Structure formats: C-alpha cells, structure tokens
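Just so it is clear, the structure is predicted and the values come from calculations on it, not from any experiment.
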Amino acid sequence: MDYSRQIILPQLGVSGQKKLKDSKILVVGAGGLGCAVLPYLAAAGIGTLGIMDGDRIAASNLHRQLLYSQNQIGLLKSQEAKKYLNTNFPEVEVHAIDLFLEVSNAKDQLQNFDLIIDATDEISARYLLNDFCEELGIPWVYGSIHQFHGQVSVFNFENGPNYKDLFPIADAGAISCSDAGVIGTTVGLIGMLQANEAIKIVGGFGKVLSGKVLIYDLLSCSQQIFEFEKRPENNSRLEQISFPYISIEEVIQSKGRVLDVREKDEKPEILKENFLNTPLSTLAEKVKLFDKGEEICIFCQTGKRSKTAAEILNQLGFTQIRLIKGGAKEILEKL
C-alpha cells in the first residue's frame, strides 16, 4: 500500500505512519459502525486489527453494512469482514474473534490490543468495555447511533474521563437500531469519525475527544461538542454481574413476573397471564411500582435486549432477575 499522500501531512509524517503500523486495534462489533470503521483503519495502515462479533449477516443488515453482500447472508460477520480486509489490505494482520463481548471473555480478548473501538449496539457492552478498559489501562472510542443522530467520544485516554462519568446510570430509553430505525449514512459518518479518533490516538497527533462528546444531527447537518469531567464519586470498579437463565417450563411453574421487553408491535404476540409487555424504551418508568425483591423473568426477540433490561433493573435495585432461555418464537412454541 502506498501511504505517501498521508505521510506528507506534517502532523503524521514517517514517524506517525510507523506508529500506525505498530498499533493493534480491536473493533468490538462488525455491524454498521464496524463496517465503516474497519476499512478506514486498514487503509490508513493500522498494523493489526481485531474484529470481535458473534453475530451472523442478515438481509436487514445490508443497507448499512457495506462489507457484506446477499450471498453472505447467514455467515459470521467477523469472518466475512476479515476476508474483505485480507483481500483489499493484505499487509494488515487481521484477527476474527467469533464471540460476543461478555464478562467471561472480555479481559482475555481486550488485553491484546492498544486501543478498543466500540461498534456495538448494546448499553451493557459499553459498561463492560468501560470497566475492563479501565482495569487494563486501555483507551476506547465510543460511537452511538439513534435514527439520524450520532455521538462520538473517547474514554480512558491518558487518565481522562470514562463512560460512567458521562453515563453513570444505564439509559433505559436507549433502544437498538432494529427498534428505532437507522439510515446507512448516519452509521457511515459516525464510524468514520470513530476511525479518525483512533488514528489520531495511535498516531500521536491532533486533539482527541477525551472529556468531550460530539453530537451530530444529519437531518439539520449540525453538530455540537459538550465537555464533561470525571465525577469525584465515580470510583469505577469491575462488577462481574451475570444473570441466571431460567427455562420457559420453569417460568410456567413459578409465580414470578414475566417481562416482554420487545416493542408493542413486534411479532409473535404473546398473551398470557402474568406476562407484561414492558418495552425497553419505557422499562425504568414502568417498573417503579414493582417490588424490588420479587422474581422477574425477562425475554425479548433474540435475547440481546433481555441482557440490557437485566442490567437496567440491577442498577435500579432489583435483586431477583432471571433471563428466559430462547427468544419470543421459541417461548411461544412451549406455552
């Protein structure tokens, strides 16, 4: 690869290009943001890239995840993204990690890299990234999408503020792209901004978005930057929280409250006594009247939102939280 056009930049130069080549960056998530971040990092000359994602390509991904095509539907995103990078940027060392980020694997995977990029779509994953990156002393680049809006920031950079300084409590109103909707250009722009922050960090030049969050609105083509500081009371610590699973057969026998955290129009519809539709977007408000000591069993469409809901309930003080095995379709079949 010929990097001459960026090497002539006085802020980068030969020494900066060498820093890019020597760097190791892990991108957690190979969906919309990951597909925007990865090719720009590879093209810039990042020496080693990790791609961590246990998900498979779906037809609904293709309008914004441009590393994939129709004939790859059903295949692992991390492996297919690796193939794309190997073909187009053979000088970059690429590692595919076919796992979702979890407490059980986070430390082993993150510790091998100099910088982490959050390309996830889950609140719980960001809190995991925050705590493990703080423990390991690794900076990470945050990116978030909601419809036509995006946010970018950098956490844990040179002892700067972290994610919990900006978001001390999980935002129960934050929902995934599959629920809120998303257009590919929003994801592409925010992903490129994340890649740009990563390149500045490992290249050692420019002003980094540490202690700042950039908010971009694609509908109005406007942006704002807000500054934030470390919270004195924020003594972030690694909380290895895991929630037990319960089968639907056990749920039927129990007297626990069952929460369906899908949106109201999602199918299949499940109507059963003690099953309460409580969308993730309104969860914190609706559970105010619940007994925090009662058993609460949670399910959604695939299981991802259930984990986020469990994290939110845990932070609100609920102590008996269970995740129901399987998604809504499997649960309905067993009722």
Side-chain angles (χ1 to χ4, degrees), residues 29 31-32 53-61 63-65 74 77 100-102 120-128 144-147 149 169-183 187 241-252 254-290 292 294-316 318 320-335:
D53 199 323
D55 200 11
R56 294 178 182 272
I57 300 164
S60 61
N61 300 150
H63 82 285
R64 68 192 184 280
Q65 299 179 18
K77 291 181 179 180
F100 291 111
L101 183 72
E102 296 178 350
T120 69
D121 191 23
E122 292 188 18
I123 298 171
S124 58
R126 292 174 185 139
Y127 282 98
L128 271 182
S144 177
I145 301 292
H146 180 74
Q147 296 181 340
H149 298 78
I169 299 176
D171 179 7
I175 55 179
S176 67
C177 292
S178 61
D179 298 321
V182 65
I183 191 169
V187 176
I241 302 173
S242 60
F243 301 99
Y245 280 87
I246 185 171
S247 69
I248 188 60
E249 292 85 359
E250 292 172 310
V251 170
I252 294 171
S254 77
K255 296 181 180 180
R257 190 187 297 268
V258 181
L259 298 187
D260 175 0
V261 295
R262 299 175 299 157
E263 295 301 307
K264 292 186 180 298
D265 59 350
E266 291 187 53
K267 303 296 182 183
E269 186 178 14
I270 298 180
L271 299 175
K272 185 174 175 58
E273 187 179 357
N274 86 326
F275 277 54
L276 180 64
N277 181 229
T278 313
L280 190 60
S281 56
T282 61
L283 179 65
E285 182 66 26
K286 286 193 174 184
V287 300
K288 286 181 178 179
L289 300 178
F290 294 0
K292 292 185 178 180
E294 70 176 305
E295 183 180 71
I296 295 182
C297 305
I298 310 171
F299 74 93
C300 63
Q301 200 76 306
T302 63
K304 291 184 180 180
R305 280 174 285 174
S306 298
K307 292 181 181 179
T308 301
E311 294 279 356
I312 293 169
L313 291 176
N314 179 75
Q315 291 200 22
L316 292 174
F318 288 84
Q320 300 296 318
I321 304 168
R322 306 286 186 269
L323 300 178
I324 302 176
K325 296 177 182 177
K329 184 178 179 181
E330 293 86 349
I331 290 170
L332 183 61
E333 291 173 352
K334 295 179 180 180
L335 288 176

Rounded to the nearest 0.5 Å, what separation is found between the [atom1] atom of [X] and the [atom2] atom of [Y]?
X	Y	atom1	atom2	answer
Lys267	Leu332	NZ	CG	11.5 Å
Ile246	Ile298	CD1	CD1	11.5 Å
Ile331	Ile252	CD1	CD1	10.0 Å
Arg257	Gln320	CZ	CD	14.0 Å
Ile248	Ser254	CD1	OG	8.5 Å

With side chains defined as the heavy atoms from C-beta onward, is the minimum distance between [X] and [Y] less than 4.5 Å?
X	Y	result
Leu259	Leu313	yes
Glu102	Ser124	no
Tyr245	Ile324	no
Val251	Phe299	no
Gln301	Ser306	no
Phe243	Asn314	yes
Lys334	Ser247	no
Val187	Gln65	no

How close do [X] and [Y] get, counting heavy atoms only, and between which atoms?
X	Y	answer
Leu101	Ala125	CD2-O, 3.8 Å
Ala310	Leu323	CB-CD2, 3.9 Å
Asp53	Lys77	OD2-CD, 4.2 Å
Leu271	Glu269	CD2-OE2, 3.6 Å
Asn277	Arg262	ND2-O, 3.0 Å

What residue among Glu295, Glu250, Glu294 forms salt bridge (Lys or Arg N to Asp or Glu O under 4.0 Å) with Arg322?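 Going through Glu295, Glu250, Glu294 one by one, the salt bridge (Lys or Arg N to Asp or Glu O under 4.0 Å) with Arg322 is satisfied by Glu295 alone.
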
With sequence neighbours left out, write down each residue that passes side chain to side chain contact (heavy atoms under 4.5 Å, CB included) with Lys292, or none if nothing qualifies.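 Partners of Lys292 by the side chain to side chain contact (heavy atoms under 4.5 Å, CB included) criterion, ordered by chain and then number, come out as Phe318.
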
Holding to side chain to side chain contact (heavy atoms under 4.5 Å, CB included), I want the full list of residues that pass it with Lys272, two or more places apart in sequence or in another chain. Phe275, Leu335

